[in-house]
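Here is the structure we will look at, set down as structure tokens.
So that the names make sense, note that chain A is the first sequence line, chain B the second, and so on, each numbered from 1. Only this structure's heavy atoms are used, side chains among them; waters, hydrogens and symmetry mates stay out.
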There are 2 protein chains.
Amino acid sequence: MRSTPSSEAFPAHTPAAAQIFTIVLSHGPLARAEIAQRAALSPAAVTKAVRPLIETGYLVEDVDGRSRPGLGRPANLVRVDGGRALFLGVKVTGDEIIAVLTDLRCRIRIARRTPLADRRPAGVLATLSDLVLELLTEAEGFGAAVKGVGIAVSGDVDRAEGLVRYSPFLEWRDVPLADLAAMTVGLPVTVDNDVRALTVAEQWFGAGAGLSDFALVTVGAGIGCGLVVRGRVVAGAHGVAGEIGHLSLDPAGPRCHCGNRGCVEAIASESAIVRDVRAGTGVDVADAAEALELAHRGDPGARKVYARAGWAIGRAIGSVVNLLGPERVIISGEGLAAYDLFAEQIRDAFAASAFGAAARCDVRTHPLPFEEWARGAAATAIQSFIASDPPKEPKDHKE
Amino acid sequence: MRSTPSSEAFPAHTPAAAQIFTIVLSHGPLARAEIAQRAALSPAAVTKAVRPLIETGYLVEDVDGRSRPGLGRPANLVRVDGGRALFLGVKVTGDEIIAVLTDLRCRIRIARRTPLADRRPAGVLATLSDLVLELLTEAEGFGAAVKGVGIAVSGDVDRAEGLVRYSPFLEWRDVPLADLAAMTVGLPVTVDNDVRALTVAEQWFGAGAGLSDFALVTVGAGIGCGLVVRGRVVAGAHGVAGEIGHLSLDPAGPRCHCGNRGCVEAIASESAIVRDVRAGTGVDVADAAEALELAHRGDPGARKVYARAGWAIGRAIGSVVNLLGPERVIISGEGLAAYDLFAEQIRDAFAASAFGAAARCDVRTHPLPFEEWARGAAATAIQSFIASDPPKEPKDHKE
DNA sequence: CTTCTTTTATTGACAGCGGAAAAGAAGTGC
DNA sequence: GCACTTCTTTTCCGCTGTCAATAAAAGAAG
């Protein structure tokens with residue numbers, strides 16, 4: 001069976017051990033006693049679960065970790081040894097592939113991007129494999145094995161099956177990407193929707209760490225949303241969830257490619273902003289960057305467009321908050337470059353639409369460098385590795 | 001401790017046993033083998049978990065239950081003995097209290113309603129206690145003990161604490177209703193938001209049985225929504241969730257009491273419909289029933305108002321579906337009396353706004369007699385009883 | 001400097017849950 | 001009656017996590 005080279009499995013046989021590891025992963029060095037509290041387990045159980053993880057090197061005792069200068073015996077802190085394992089994260093967009101090599105703590109060691117010539121599955125797979133193999137050879141210098149590969153694709157993705165059901169940008173339908181990729185790279189492969197992948201990264205290593213209910217809103221070429229409810233990323237019964245971009249906010253608004261009017265994406269996506277800035281100012285801006293510059297130079301027409309985008313985003317966040325009551329909403333994405341232009345409108349529109357106690361929700365931003373999407377993919381690989389929630393193993397194709 | 005008379009606890013000590021009981025409760029008579037499948041347990045585990053439940057009388061073997069006329073040994077079906085325990089469900093509205101006595105399968109045995117003179121906590125509590133005690137004496141004829149009381153209140157309710165944080169209709173703030181009621185009735189009391197309570201009833205005994213992801217939309221005096229994600233009712237980090245009524249659909253729409261424009265409630269609630277029918281027809285209809293009659297008689301102005309309400313409801317459902325991807329949406333509530341007037345618009349607006357695979361969601365209606373809200377409250381009591389998720393016990397006030 | 005208090009960590013005994021395998025039970029078809 | 005199938009139960013067993021007791025590592029108190 002388990003034919004992958006050097007693939008001793010992760011020694012968290014029990015769900016509790018995986019939970020403990022995840023807690024330590026998200027919350028830095030921790031005392032066993034505190035782990036016990038957070039996991040609602042007895043200290044003894046923690047000791048026993050931690051031991052094999054230390055013996056295999058996934059956890060280490062923090063030597064200088066002497067905390068609590070007050071009473072009692074000081075705690076022996078435990079943390080995850082990031083260098084113990086490596087992972088690859090790959091984000092496939094319509095015109096390029098971004099790949100990162102991360103450690104077990106999802107810290108990026110190397111990042112690479114390659115333009116994508118051919119969007120068809122075979123073409124993507126070829127480019128992807130080259131990039132992955134390149135990173136795999138480079139990874140050899142880091143003294144740890146690569147334990148898994150995560151791939152993030154926008155669209156309707158079935159993670160359990162490793163199947164890309166439909167991706168509009170790539171024009172794919174029912175591509176068994178996990179199996180295909182696993183065959184060429186010889187490692188376990190996890191495939192997930194890009195926004196959900198980013199949400200996992202945020203949940204474990206970012207602004208959502210420790211929260212059981214939060215939402216991640218991405219603003220950029222599209223408007224996306226990842227949802228975490230009771231500590232789990234929402235995937236929806238049909239693999240579709242968080243489609244915040246097509247909430248319709250104004251029946252008199254601009255037409256959207258989805259057929260409706262006044263969708264958030266039809267108002268606040270990059271292409272919508274470029275279109276509206278052109279129409280509103282007469283200046284023939286070529287892309288989002290130029291539109292942004294025009295607004296930053298103070299052009300009132302352009303600023304108005306951004307203000308409206310902020311209104312739409314704030315309204316959309318209000319809808320999410322009213323429906324799910326998250327503890328926090330994290331706004332991220334390339335669109336944050338324009339944040340100063342619509343921060344106020346987002347806040348106002350959110351405050352106006354949030355109902356009752358939902359308004360207590362903490363709305364904040366989190367910058368998102370371009371490798372972040374690929375890092376999200378790596379996070380899903382780490383998640384699969386820990387859960388031993390078997391990703392697509394190279395060989396056996398079970399059903 | 002456990003001082004409640006005749007309160008031998010429910011003998012499902014393990015989560016698995018509670019899960020098994022819930023499965024049998026929702027899915028009628030079942031063979032142990034099928035229970036094992038649904039619960040992802042071994043048949044042996046089911047046998048062992050079922051035995052004490054049968055010994056205590058909560059489950060019974062269906063004598064005539066010989067299924068599967070085909071091959072193999074016929075199954076011995078097991079079902080919940082509804083008559084083994086009784087529960088009370090109470091719904092508190094602004095001007096009346098509705099109470100039902102149900103059995104363990106949440107079938108209504110008696111229903112009562114009493115007008116409410118005084119909305120202040122003390123007044124409500126007095127009326128509620130009278131009604132509950134009346135039902136408790138009547139319950140003595142049914143040969144089973146009442147095991148718990150559920151109370152449903154609209155607004156912001158913290159079920160874990162049994163606390164009504166804020167109820168606009170009652171003008172309550174931070175009323176520890178569960179403790180207060182438990183003291184006067186001497187039984188465990190569960191307090192929950194009314195829509196969530198109804199959602200529990202739907203999840204266990206109604207159109208949501210067996211589904212892990214669905215939404216319940218109630219149309220009536222207000223527009224509410226209960227959400228079930230991965231088999232659990234969503235309560236939100238701050239106790240607010242499913243506030244579908246204040247999704248804003250049209251910035252040019254009618255003003256809502258929440259301060260916004262074009263909220264679903266400002267278009268499709270009973271009061272909004274009455275207001276708009278008056279304005280649109282010139283007929284001074286007194287209430288929703290008259291408005292409905294006018295529309296049913298074919299008045300085009302009135303019909304238009306209902307059509308617009310249908311549009312708003314369909315849009316709201318579309319938003320829920322885009323965000324959460326439920327398997328099914330159940331439309332219910334007193335507003336269903338007008339369903340023939342806006343069914344088409346709901347369907348169309350939903351279809352137009354649902355994105356991609358989310359459109360596969362099954363949207364259906366489910367009638368809702370007036371006692372149903374109280375039945376929802378009883379369902380929460382049953383849920384607390386099974387989970388032994390301790391509701392508010394009469395005596396000890398821990399924390 | 002010794003002793004007490006406080007908190008953390010570990011150990012070993014133990015209970016209980018759930019699985020595997022095998023046997024038993026209750027039918028149909030031949 | 002016999003073979004076959006499927007459901008149910010029994011027995012045994014491993015494993016997980018709790019409990020209670022103990023060790024360990026400090027500061028505080030006298």
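Screening A:Phe385, A:Trp204, A:Phe10 for a ring pair (Phe, Tyr, Trp, His ring centres under 6.0 Å) involving A:Phe21 leaves a single residue, A:Phe10. The salt bridge (Lys or Arg N to Asp or Glu O under 4.0 Å) test with B:Glu61 singles out one residue from B:Arg51, B:Arg32, B:Arg79, and that residue is B:Arg32. None of A:Thr22, A:Thr102, A:Thr190 except one satisfies the side chain to side chain contact (heavy atoms under 4.5 Å, CB included) rule with A:Ile382; the exception is A:Thr102.
Using a 4.0 Å heavy-atom distance criterion, A:Ala44 is classed as a base contact. The residue B:Ala33 sits close only to the backbone: its heavy atoms come under 4.0 Å of sugar-phosphate atoms, none of a base. Residue contacts for B:Ala16: at a heavy-atom cut-off of 4.0 Å it reaches the sugar-phosphate backbone alone, with no base atom in range.
If you measure from atom CZ of A:Arg32 to atom C1' of D:dG17, you get 17 Å, rounded to the nearest angstrom. Computed from coordinates, the B:Leu71 CG to C:dG29 P distance equals 7 Å when rounded to whole Å. Straight-line distance from the CG atom of A:Leu30 to the P atom of C:dT7: 19 Å, rounded to whole Å. Between A:Gln37 atom CD and C:dA9 atom P the separation is 11 Å, expressed in whole Å. In this structure, CG of B:Leu53 is placed 12 Å from P of C:dC17, rounded to the nearest angstrom. Rounded to whole Å, atom C1' of D:dT18 lies 17 Å from atom NE2 of B:His13. In this entry the distance linking CG of A:Leu77 with P of C:dT7 reads 17 Å, nearest Å. One interatomic measurement links the two molecules: CD of B:Glu34 to P of D:dT8, which rounds to 10 Å at whole-angstrom precision.
Across A:Val146 and A:Leu187, no two heavy atoms sit closer than the pair O-CD2, 3.4 Å.
Distances were taken from every side-chain heavy atom of A:Asn76 (C-beta onward) to each of C:dG19, D:dT8, C:dA9; the shortest belongs to C:dA9. Distance from the side chain of A:Ser42 is smallest to D:dT18 among D:dT18, C:dG27, D:dA26. For A:Ala75, the listed nucleotide lying nearest its side chain is C:dA9; candidates were C:dA21, C:dA9, D:dG17.
Atoms CG and CG, from A:Asp213 and A:Leu324 in turn, are 8.0 Å apart once rounded to the nearest 0.5 Å.
Between B:Arg159 and B:Ser384, the side chains place a donor N or O and an acceptor N or O closer than 3.5 Å (distance only, hydrogens not considered).
No donor-acceptor contact under 3.5 Å links the side chain of B:Lys48 to the base of D:dT10. Under 3.5 Å, the side chain of B:Arg73 and the base of D:dT6 form no donor-acceptor pair of N or O atoms.
Residue A:Arg51 places at least one side-chain N or O under 4.0 Å from the OP1 or OP2 atom of C:dT11. Between B:Thr47 and D:dT10 there is no side-chain polar atom (N or O) within less than 4.0 angstrom of OP1 or OP2.
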May I have the step-by-step check of side-chain contact (heavy atoms from CB on, under 4.5 Å) for A:Leu59 and A:Asp81, ending in yes or no?
-> CA-CA 5 Å; A:Leu59 292 182; A:Asp81 178 11; over 6 Å; no
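Annotated stems with DNA chain D as a participant read C:1-30 with D:1-30, given as range with range, by first number; only runs of 3 or more Watson-Crick or G-U pairs under 3.5 Å qualify.
The cationic atom of A:Arg84 (NZ for Lys, CZ for Arg) lies less than 6.0 Å from the six-membered ring centre of A:Tyr58 and within 45° of the ring axis.
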